[in-house]
Colleague: 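Quick one: structure below, then a few questions.
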Amino acid sequence: MNDVAVIGAGMTVFQRRLKETGKELSYLATKMALEEAGITKKDIDMVVMGSAPDAFDGIHQKGENLLDGAAGAGKPYVRVFNGGGTGVFAPIAGWWHVASGVADIALVVCEEKMGNCYPHPQTAFRHIWDPILDRPLAPNLVWLFAMEMNRYMTKYNIKKEDIARVAVKNKRNAVGHPCAQLPDEKITIEDVLNSEMMAWPVQRLDISPPSDGASALIFCSKDKVRQFTDDPVWVDGVGWNIDSTMWTNRDLSFPRYVANAARMAYKMAGIHNPRKEIDFAEPYDPFDYKELHHMEGLLLCNKGEAPILTREGVTERDGNMPMCPSGGLMGVGNPIAATMGQKICELYWQLAGKAGKRQIPTDPQVGVGQAWGDIMQMATVAVLRRG
Amino acid sequence: MTFLEKQTDPTTPMHWNGDMQADYFYSNGVAGDKFFKHLMKKDTFLASECPKCGVIFIPPRLYCEDCFCDIPDENWMEVKSQGIIRANTTAMIDAHGDPLEEPVIMALIDIDETDGAMLGRVKTEILDMDLCGLTVKAVLRPKNEREGTMKDILYYEPY
Ligand SMILES: [Zn+2]
């Protein structure tokens, strides 16, 4: 297997609805990544597109529609897709294009245009359920996560205010992010606890907003990387894992699929003690409780311990184990696949010292990013290292 | 106070209105047919037990996803249509984000004598939001009105 480095990244602004089409968004993100890497379309050997359900953009087989904006026209090009897991799975696919030796330089573009889906992108989620067992009961996704949040709170005796802290931290972290949709310097725990009750225990400010946006990342083989940088950021390990759609048979208090994916990535990266060897993380945070759930799944603390560490300030940007220094999905926005921008591009920017106002002050060397998708099923994990 | 993202007018940018019309018949499948045909005649559920690992699946299945083996007919069993709430929500809004006329309680119910759970709606006079641990039983449609779908289970209620 060849060593793989990151040499450039790009990300558009995230907003509820943008004027640009999906391919225009892809173009903007791709252009930024190419400029950061100092290369052009002709240097790209292969392209990977990550984009979640067709139903958001409202274009069946949208990968083909998007490709010309993603520098994919006339090139080996493939779309990968596993729901919310896509934001980290697409870079995993980009990594294996280079690790396998098939490509020297691979471009990964992630795009989502949820604003096309009318009146609300939640409508598209109504059709992800088992058609025989679940759909006749007309559940919706927020209700499902409300049950998972309840299960997590019940099992470990967690107070709602300790979950709300994550929303506050991430919306504040997002203040320095040029792409952020919902940064808020002044938000308080009370704001979250007083926001509209959607499906107990989930309130309006526990959820990340639907969004339009795109992000891009460029991978390079070890042989070529010295042409571009003397201080590369490496992909040290990747992992992915999925459980069946029979989610009702699972406990819900611990995401075992995340732990399985994390173990795979840590083994590849030679990490034996993730709590000591990993400096910061970007766990997937479409809901505030999910950051806690995923921090535990990533084996960065004991089960039920994440809310305590959050309360103690350990997960703040200047804490011992910063979580979501980008501002995460809660603060920057949630255009499903395009959250590669917070989960993997951010690792690169932090490790390369390019995170600007968001820069972790303690000179981090190793970071882990993670996404989750489908019905309590999919986990995708990548470990990046400096130098 | 923070910005509360709800709905912005999607018609603001220039646009064209389209839809992706498609309608479907979803077949119940082999295991589903058996489960629902039973439910049309009885007030109990069917479950199926893996011959290798012993896990009892509800809703019942033709195969075990772990052992990856068949579950033969003789490993199907009748169980009571009752259980304990493992997790619940009380929903105030629908999938569009609009308020519901009445809150809906949805729960994951660990079904007695099995290793599985059923998703279902709950009706109760209990005012607590958190119903974890409550024992509930299924309320089914009158037998002559059952149609062989999940809708034959009207809701669960405490007993
Ligand atoms: Zn088995």
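Throughout, a chain's letter reflects where its sequence line sits, starting with A, and its residues are numbered from 1.
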Colleague: OH of A:Tyr27: more than 12 outside heavy atoms within 6.0 angstrom?
Modeller: no

Colleague: To the nearest 0.5 angstrom, please state how far the CD1 atom of B:Ile85 sits from the CZ atom of A:Arg151.
Modeller: 12.5 Å

Colleague: Should we say atom CG of B:Asp128 is surrounded by more than 12 heavy atoms from elsewhere, each under 6.0 Å from it?
Modeller: yes

Colleague: Can you see which heavy atom on B:Lys151 is nearest to which on A:Pro136, and at what distance?
Modeller: CE-O, 3.4 Å

Colleague: Could you tell me if the side chain of B:Phe36 sits less than 4.5 Å from the side chain of A:Ile132, heavy atoms only?
Modeller: yes

Colleague: I'd like to know if the side chain of B:Arg86 reaches the main chain of A:Thr248, judged simply by a donor and an acceptor atom lying under 3.5 Å from each other, with no hydrogens or angles considered.
Modeller: yes

Colleague: Would you indicate whether A:Lys160, at its atom NZ, is surrounded by more than 12 heavy atoms from other residues, nucleotides or ligands within a distance under 6.0 Å?
Modeller: yes

Colleague: Under 4.5 Å from any heavy atom of chain A, what part of B:Asp115 do you find: side chain, backbone, both or neither?
Modeller: backbone

Colleague: Looking at B:Met118, B:Met129, B:Arg61, which one has more heavy-atom pairs under 4.5 Å with chain A than the rest?
Modeller: B:Met129

Colleague: Working to the nearest 0.5 angstrom, can you tell me the gap between A:Trp247 CH2 and B:Leu108 CG?
Modeller: 5.0 Å

Colleague: Would you say that more than 12 heavy atoms from the other residues, nucleotides or ligands in this model lie under 6.0 Å from the CD of A:Gln61, or not?
Modeller: no

Colleague: Side chains of B:Phe57 and A:Met246: does their closest heavy-atom pair fall under 4.5 Å?
Modeller: no

Colleague: Among A:Ala146, A:Ala55, A:Ala199, A:Ala138, which residue forms the greatest number of heavy-atom pairs with chain B at distances under 4.5 Å?
Modeller: A:Ala199

Colleague: Just so I understand: if I count every heavy-atom pair under 4.5 Å between each of B:Asp19, B:Ile109, B:Ile58, B:Thr90 and chain A, which residue has the most?
Modeller: B:Thr90

Colleague: Picking from B:Val104, B:Asp130, B:Thr114, B:Thr149, which has the most non-hydrogen pairs under 4.5 angstrom with chain A?
Modeller: B:Asp130

Colleague: With a 6.0 Å cut-off (strictly less than), is the heavy-atom count around NZ of B:Lys143, excluding the residue itself, greater than 12?
Modeller: yes

Colleague: Rounded to the nearest 0.5 Å, what's the gap from SG on B:Cys132 to CE on A:Met147? Could you check?
Modeller: 10.5 Å

Colleague: Taking C-beta and beyond as the side chain, do B:Met106 and A:Leu137 meet within less than 4.5 Å on heavy atoms?
Modeller: yes

Colleague: With a 4.5 Å limit on heavy-atom distance, are the side chains of B:Ile93 and A:Glu196 in contact?
Modeller: yes

Colleague: Can you tell me how far the CH2 atom of B:Trp16 sits from the CG atom of A:Asn116, to the nearest 0.5 Å?
Modeller: 11.5 Å

Colleague: Below 4.5 Å, heavy atoms only, C-beta onward: do B:Thr89 and A:Phe145 meet side chain to side chain?
Modeller: no

Colleague: Just wondering, do A:Arg17 and B:His15 contact through their side chains at under 4.5 Å, heavy atoms?
Modeller: yes

Colleague: Does CG in B:Asp98 sit with more than 12 non-hydrogen atoms of other residues, nucleotides or ligands closer than 6.0 Å?
Modeller: yes

Colleague: I'd like to know which of A:Phe125, A:Trp200, A:Trp143 tops the heavy-atom pair count under 4.5 Å against chain B.
Modeller: A:Trp200

Colleague: Does any donor atom in the side chain of B:Asn88 or A:Asn150 lie under 3.5 Å from an acceptor atom in the other side chain?
Modeller: yes

Colleague: Yes or no on side chain to side chain contact (heavy atoms under 4.5 Å, CB included) for B:Glu65 and A:Asn249, after CA distance, side-chain angles and deciding distance?
Modeller: CA-CA 11 Å; B:Glu65 66 180 40; A:Asn249 287 47; over 6 Å; no

Colleague: Counting only heavy atoms not in B:Tyr63, do more than 12 fall under 6.0 Å of its OH?
Modeller: no

Colleague: Who wins among A:Glu185, A:Arg135, A:Glu190, A:Met153 for the most heavy-atom pairs under 4.5 Å with chain B?
Modeller: A:Arg135

Colleague: Does B:Tyr159 OH have over 12 foreign heavy atoms under 6.0 Å away?
Modeller: yes

Colleague: Quick one: what part of A:Ile207 sits under 4.5 Å from any heavy atom of chain B, side chain, backbone, both or neither?
Modeller: neither

